[in-house]
Amino acid sequence: MRGSISRTCYCRDAQTGDRYRAGSPCPLLSSPKHGKWSVRQEVSPSGDGRRRQFRRSGFDSLKDARRDLDRVRSLLALADEEEPEDRRLISDMIMLSVKERSPLPSVETTARLLKAGHCLTSRVTVGEWLDAWLKAKKKLRATGAMRYEVDIRCHLRPRIGHIRLGKLRVEHLDEMFEGIAATNQEIVEQNTQRRQAVADLESIHGRAALRTAREAIAAMPPFRRVTGLSSQHHIKATLRASLNTAIARQLITFNPAAHVELETAPKPKALVWTAARVAEWQRTGIRPSPVMVWTPDQAGTFLDHVADHRLYALWHLLAFRGPRRGEALGARWVDFDRDGRTLAVETQLVQLGWDVYEGAPKTTSGVRLVALDHDTTDALLRHEKAQQEERLRFGPGWVDTGRIFVAEDGTWLHPGKVTDMFTRLVEEAGLPPVRLHDLRHLAATLALLARIDPKVVSEMLGYSDTAITRDIYQTVLEDIAREAAEAVVKLVPRKMAHPGAGIAA
């Protein structure tokens with residue numbers, strides 16, 4: 001196909017004021033540094049048969065103009081002469097770069113896309129693709145879909161949503177996570193300022209001064225959570241999954257999210273509430289770890305405190321058999337085998353925001369049959385009898401949901417309210433704080449202390465691998481074993497405080 005390179009200028013004849021024409025060019029064009037170079041190359045006709053030309057001007061040198069023209073010709077040469085459709089697609093791509101005034105794509109990338117059958121003229125942005133991808137994920141659990149939606153809405157779309165999908169690079173993602181780190185620092189500073197301002201309210205006297213201080217606090221940004229390393233890894237995983245789908249759809253050939261390096265998110269270690277840690281917590285109010293486990297004595301104190309609570313069987317089940325909160329609240333009477341002393345975990349109540357719905361267990365290994373001891377079985381039987389009495393007292397308004405643990409009117413127990421109830425009971429018992437989920441860790445610890453095989457413990461908890469059980473509870477077992485060793489020594493009274501201390505080696 002025809003193509004050419006020419007040099008023009010926009011000078012005007014000093015006498016006539018008219019621009020110079022091709023027949024009478026500007027006399028200064030004899031100098032190679034005067035004017036601008038332009039290129040012209042015929043490409044394939046459009047789909048409706050209209051003739052098209054690649055035109056680009058403004059090159060400072062013949063070398064630059066020739067380089068662009070050579071690239072156009074190389075791109076057109078990628079199409080086999082027997083494949084006119086490929087030549088038209090390449091021509092569409094070239095003309096789109098003219099329309100958008102963007103650089104011509106590389107020959108190597110175009111060849112790869114063409115060979116793989118990818119669209120050469122796609123202008124889908126990352127934000128548009130993420131929205132379409134999430135909408136198509138129909139088999140996602142509601143909690144998973146919500147987590148993806150948060151990642152996309154709060155981080156991915158605002159930071160990289162404007163970038164064209166095919167132009168996304170690792171550098172863009174590095175900048176995104178650097179931006180998240182900078183925002184984290186800003187949040188920490190703003191939270192510190194607001195927290196200090198709230199604390200200063202106690203020392204302010206006078207209504208006018210107090211009103212002014214409160215107005216200043218109201219104008220401050222609200223308390224916010226930083227985006228931690230675990231959340232950043234989830235953001236990366238969300239983007240990586242969506243881009244893998246884009247590769248499968250032949251929209252792109254490279255997944256930059258697979259090549260982003262982030263710091264490893266440390267998993268919080270489960271620690272036991274030893275006497276030393278309890279004393280330090282009482283002094284400072286700081287918990288040693290987000291995941292804390294009671295000692296057997298502390299667990300006994302709690303169960304004694306809630307012995308007369310209407311949901312005692314729930315606390316007992318959580319402490320000794322360790323189901324997840326949603327699994328315990330989703331348990332049905334039909335899942336309870338009274339003679340065989342087992343409880344089938346086949347459903348759960350899931351909290352999404354503040355709404356609650358019924359769903360399947362968290363994982364496939366979560367569907368399991370949990371063996372029950374005599375005490376737990378008896379607690380459930382007493383709970384069943386008490387529930388029947390409540391049903392009679394409530395009358396025809398009682399709702400039969402078939403659940404083991406329900407509200408006084410038979411309706412579902414809200415998971416969030418159960419967590420709040422547990423927190424209040426722990427405070428009433430005067431015990432160091434643990435989360436409701438930490439009762440699951442307590443059940444595992446008690447089972448391992450009883451020398452039950454880790455595989456059996458993993459199956460009881462619904463873990464897919466015994467390594468998870470060992471990794472989580474190794475530190476807890478060491479602490480309890482150390483406490484037990486100290487307790488054994490203290491059982492034997494000694495007259496000398498440090499016998500043998502004066503013996504030379």
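Ion pairing of Arg283 with Glu280 is present here, as a side-chain N (NZ or NE/NH1/NH2) and a carboxylate O approach within less than 4.0 Å. Salt bridge absent: Asp70 and Arg67 never bring a charged side-chain N and a carboxylate O closer than 4.0 Å. By the 4.0 Å N-to-carboxylate-O rule, Glu327 lies close enough to Arg368 to be salt-bridged with it.
Counting only heavy atoms from C-beta outward, the side chains of Pro433 and Arg287 approach each other to under 4.5 Å. Annotation: side chain of Glu358 is not in contact with side chain of Gln348 (no heavy-atom distance under 4.5 Å). Side-chain contact between Leu78 and Val107 is present, with heavy atoms from C-beta onward closer than 4.5 Å. Leu76 has its side chain within reach of Gln41: a pair of non-hydrogen atoms, C-beta onward, lies under 4.5 Å apart. In this structure the side chain of Met95 never reaches within 4.5 angstrom of the side chain of Asp92, judged on heavy atoms. With a 4.5 Å cut-off on side-chain heavy atoms, Ile235 and Ile152 do not count as touching. Under the 4.5 Å side-chain criterion, counting only non-hydrogen atoms from C-beta, Phe302 is in contact with Val426. A 4.5 Å side-chain heavy-atom check between Arg325 and His437 finds every atom pair outside the cut-off.
The backbone N or O of Pro256 sits nowhere less than 3.5 Å from a side-chain atom of Arg169 that would complete a donor-acceptor pair. For His234 (side chain) and Arg147 (main-chain N/O), no donor-acceptor pair under 3.5 Å exists by modelled atom type.
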### Task
Take Glu459 and Lys455, measure what salt bridge (charged side-chain N to carboxylate O under 4.0 Å, His left out) needs, and give me the verdict at the end.
CA-CA 6 Å; Glu459 291 174 352; Lys455 179 174 176 57; 3.5 Å; yes
### Query
What do the steps show when you test Val345 against Val367 for side chain to side chain contact (heavy atoms under 4.5 Å, CB included), and what is the final call?
CA-CA 5 Å; Val345 178; Val367 179; over 6 Å; no
### Task
For the pair Trp273 and Gln298, evaluate side chain to side chain contact (heavy atoms under 4.5 Å, CB included) and give the outcome as yes or no after the intermediate values.
CA-CA 9 Å; Trp273 273 117; Gln298 292 163 344; 3.4 Å; yes
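Shortest non-hydrogen contact noted between Leu165 and Ala246 is CD2-CB, 4.2 Å. Closest heavy-atom contact between Leu314 and Phe405: N-CE2, 3.4 Å. Of all heavy-atom pairs spanning His383 and Arg310, the tightest one is ND1-O, 3.5 Å. Leu104 and Ser97 get closest at one heavy-atom pair: CD2-OG, 3.4 Å. Nearest heavy atom pair, residue His172 against residue Ile163, reads CG-CD1, 3.6 Å. Shortest non-hydrogen contact noted between Met220 and Ala197 is CE-CB, 3.8 Å.
Other residues, nucleotides and ligands place no more than 12 heavy atoms under 6.0 Å from the CD atom of Glu261.
Arg159 and Thr183 form a side-chain donor-acceptor contact under 3.5 Å, judged by distance and modelled atom types alone. At a cut-off of 3.5 Å, with distance as the only test, no side-chain donor of Thr423 or Asp420 sits close to an acceptor on the other residue. A side-chain donor from one of Asp409 and Thr411 sits under 3.5 Å from a side-chain acceptor of the other. Asp355 and Gln351 are not linked by any side-chain donor-acceptor pair at a separation below 3.5 angstrom, with hydrogens and angles left out of the test.
Using cut-offs of 30° and 60° on the angle between ring planes, the pair Phe422 and Trp315 is tilted. Between His316 and Phe320, the ring planes lie tilted relative to each other; the angle falls in the 30° to 60° range.
Taking CG of Leu317 as the start and CG of Leu439 as the end, the distance is 10.5 Å to the nearest 0.5 Å. Note that CZ of Arg52 and CZ of Arg88 are 7.5 Å apart. Values are rounded to the nearest 0.5 Å. Taking CG of Asp131 as the start and CZ of Arg157 as the end, the distance is 4.0 Å to the nearest 0.5 Å.
In this structure, His309 has its ring center at least 6.0 angstrom away from the ring center of His305.
For Arg240 and Tyr148, the positive end is not near the middle of the six-membered ring at less than 6.0 Å and at most 45° from its axis.
In terms of the side chain to side chain donor-acceptor pair (under 3.5 Å) criterion, residue partners of Arg224 (sequence neighbours excluded) are, by chain and number, Gln190.
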